[in-house]
Asker: 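One structure, as structure tokens, below. Some questions next.
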Amino acid sequence: MTKTTNRPMYQQIKDDLLTQIRTGRLSPGDRLPTEQEFMQQYHVSRITVSKALGELKNEGIIERFPNRGSFVSEPRSALALPVMSETEMFPPEKESAYIERRDLLPEIACIIPSLKDTFSLSMINGVLSAFPESRYICHIFQSQNPQIENYLLKRCLETKIAGIVLFPQDQPFFSDELLFMNLQKYPLILLDRYLPHLNTNYVIADNKMSGKLCMEHLHALGHRHIAFATSSDRNTFSIQYRLEGMLDAADNLNLPADSVHMIDNLDVTHPFHEYRDLFVNLFSKDNVTALIAAECHTCTYLYNLCTWLQVNIPEEISLISFDKPMEGIREPDFFTHINQSEYLMGQEAGSLLRRRLEEHDMNIYHKVITPTLEIRHSTAMHLSEVSDEKKTGSDG
């Protein structure tokens, strides 16, 4: 590995280890080299190695133990949990002891629309990291839509659920149950979700900053007409703020009002031909040269749609994703993306809920996580519009 100009060495070390884990060269439980061995292998300082390993530890990828070393973590994916019968979980000879112990443990719930993407699973693992399995029972419910979420909130209030971490919906949603929970000071933490009329604890990413980072990066590459695509409603909290950050950046960069094009409620289950005219017009008539996808599955859909249209990425169209696409693509490290530190967000939400339950901390906390832009291969320089601007300036 050699040093590059656009990526710090700690990030290269981190990415190298992630690649080894994804490809199976490193398996769960494998011991990693010592810091000294990493220093010799990559020709870097101990601080650089510690930063790379520290980030992997914070994201739940590895575990570090004093005097023992660093090890690849066992996966805690909710989808990978074995299905066990009640008899297997509580054998008859130990049933009474198990039930007695189970009844004594506080129960919490994570309510999340879907478990299909790595972003959601990473946030869940972050929440779970704050609750030792020996001291808490953690339930994970899939809400799918606001109606089911409303039902699950009612059920949690009716049962012994001691606290809830509530994940975002893909559409704006507020219910009487949420208002009732707030008035009753029920232990509720909103994760990656903000409700302006509800003064409760929340942990979110700085979505305005995310939009700003995307626009500034594309502008620096010469892009002047950019489309923002989402499979959600544009009035959803995160979408509103990402778009607001993009528009603020466009204004600061003196871009015209029509430089940002909005595509919302993009249905990624529809065949490509249904969106053919829309995107052909964007590329040919509106001169769009870059796409920003609000979700990782939207990014995957746009990439495959451009491939179907025989539009090359990044040579003809640059593409940025919020969150890193991991499924349905050939090369996970291909996409420039916003890193929202989803594991850290989940960890912060879990810590807030645990503090409320164990310390009876009734204060209201609003935590905002600063995002970063991870530059990869799906964005590239676009020279035509920059050349046109220079030519116009010289003609003037």
Side-chain angles (χ1 to χ4, degrees), residues 210-234 239 242-322 325 328-331 334-338 373 375-396:
S210 298
K212 179 175 179 287
L213 289 172
C214 291
M215 282 297 294
E216 290 179 342
H217 173 63
L218 292 172
H219 182 271
L221 292 175
H223 299 277
R224 299 296 180 265
H225 289 276
I226 297 157
F228 178 58
T230 174
S231 56
S232 303
D233 189 294
R234 72 172 63 197
I239 303 303
R242 290 171 185 176
L243 184 59
E244 186 176 331
M246 292 171 58
L247 294 175
D248 286 348
D251 185 54
N252 292 334
L253 294 167
N254 297 317
L255 293 175
D258 62 352
S259 61
V260 178
H261 305 260
M262 179 73 187
I263 308 165
D264 63 345
N265 293 309
L266 185 73
D267 193 331
V268 298
T269 65
H270 282 201
F272 296 142
H273 68 81
E274 295 189 13
Y275 289 113
R276 180 186 182 280
D277 292 342
L278 171 63
F279 282 89
V280 167
N281 287 333
L282 278 175
F283 300 151
S284 60
K285 295 182 180 180
D286 297 324
N287 298 318
V288 166
T289 60
L291 301 170
I292 299 175
E295 304 88 13
C296 51
H297 59 271
T298 303
C299 178
T300 301
Y301 184 82
L302 291 177
Y303 176 81
N304 292 329
L305 172 61
C306 286
T307 301
W308 181 76
L309 290 171
Q310 297 184 333
V311 174
N312 295 320
I313 295 175
E315 292 83 3
E316 297 173 270
I317 298 292
S318 285
L319 176 59
I320 292 181
S321 175
F322 278 85
I329 52 171
R330 62 179 185 181
E331 190 180 347
F334 175 74
F335 292 96
T336 296
H337 62 278
I338 292 291
L373 180 67
I375 301 173
R376 296 295 187 265
H377 307 295
S378 65
T379 52
M381 187 72 69
H382 183 77
L383 300 176
S384 60
E385 294 188 63
V386 175
S387 300
D388 290 341
E389 288 180 4
K390 290 182 178 178
K391 182 179 178 181
T392 302
S394 62
D395 291 343

Asker: Give me the ring orientation class for Phe272 and Trp308: parallel if the planes are under 30° apart, tilted from 30 to 60°, perpendicular past 60°.
Answerer: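 Answer is tilted, since the angle falls between 30° and 60°.
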
Asker: Show your reasoning for whether side chain to side chain contact (heavy atoms under 4.5 Å, CB included) applies to Leu243 and Thr230.
Answerer: CA-CA 10 Å; Leu243 184 59; Thr230 174; over 6 Å; no

Asker: So which heavy atom on Val288 is nearest to which on Ile317, and how close?
Answerer: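 Heavy atoms only, the tightest pair is O-CD1, 3.4 Å.
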
Asker: Is the shortest side-chain heavy-atom distance between Arg224 and His219 below 4.5 Å?
Answerer: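 Result yes, sub-4.5 Å side-chain heavy-atom pair found.
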
Asker: Please determine whether the number of non-hydrogen atoms from other residues, nucleotides or ligands lying under 6.0 Å from atom CD of Glu274 exceeds 12.
Answerer: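 Counting other residues, nucleotides and ligands, CD of Glu274 exceeds 12 neighbours.
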
Asker: Which value, rounded to the nearest 0.5 Å, describes the distance between Glu295 atom CD and Ser232 atom OG?
Answerer: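 So the CD of Glu295 and the OG of Ser232 are separated by 4.0 Å.
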
Asker: Is there a side-chain contact between Arg276 and Leu309, using heavy atoms and a 4.5 Å cut-off?
Answerer: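 Yes - at least one pair of side-chain heavy atoms lies under 4.5 Å apart.
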
Asker: Taking the six-membered ring of Phe228, is the NZ or CZ of Arg242 close enough (under 6.0 Å from the centre) and on axis enough (within 45°)?
Answerer: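 Pair Arg242/Phe228 does not count as cation-pi.
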
Asker: Drop me the distance from Ser321's OG to Ile292's CD1, to the nearest 0.5 angstrom.
Answerer: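 Taking OG in Ser321 and CD1 in Ile292, the distance rounds to 10.5 Å.
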
Asker: Give the minimum heavy-atom separation between Met381 and Ala220, together with the two atoms involved.
Answerer: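 Nearest heavy atoms, Met381 then Ala220: SD-O, 4.1 Å.
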
Asker: Please name the pair of heavy atoms, one in His225 and one in Asn287, separated by the smallest distance, quoted to 0.1 Å.
Answerer: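 That closest heavy-atom pairing would be CB-O, 3.3 Å.
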
Asker: Decide whether His382 and Ser318 meet the rule of one side-chain donor and one side-chain acceptor closer than 3.5 Å.
Answerer: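 Short answer, no.
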
Asker: Quick one: do Phe334 and Arg376 satisfy side chain to side chain contact (heavy atoms under 4.5 Å, CB included)? Show the steps, please.
Answerer: CA-CA 6 Å; Phe334 175 74; Arg376 296 295 187 265; 6.0 Å; no

Asker: Supply the atom-to-atom distance Thr336 OG1 to Leu221 CG, rounded to the nearest 0.5 angstrom.
Answerer: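 It is 8.5 Å, given to the nearest 0.5 Å.
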
Asker: Return the orientation label for the Phe279 and Tyr275 ring planes: parallel under 30°, perpendicular over 60°, tilted otherwise.
Answerer: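 Perpendicular: the ring planes of Phe279 and Tyr275 meet at over 60°.
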
Asker: Nearest 0.5 Å, please: how far is CZ in Arg234 from CD1 in Ile239?
Answerer: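 Separation between the atoms: 10.5 Å.
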
Asker: Would you name the heavy atoms of Phe283 and Cys306 that are closest together and state the gap between them?
Answerer: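 For Phe283 versus Cys306, the nearest heavy atoms are CZ-SG, 4.2 Å.
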
Asker: Decide side chain to side chain contact (heavy atoms under 4.5 Å, CB included) for Ile338 and Leu373; before the verdict, give the C-alpha distance in whole Å, the side-chain angles of both, and the deciding distance to 0.1 Å.
Answerer: CA-CA 5 Å; Ile338 292 291; Leu373 180 67; 3.8 Å; yes

Asker: Considering non-hydrogen atoms only, spot the tightest contact between Val268 and Ser231 and give its length.
Answerer: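 Heavy atoms only, the tightest pair is CG1-CB, 4.5 Å.
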
Asker: I need the minimum non-hydrogen distance between Asp286 and His261, along with the two atoms involved.
Answerer: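 Where Asp286 meets His261 most closely, the heavy atoms are CB-CE1, 3.7 Å.
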
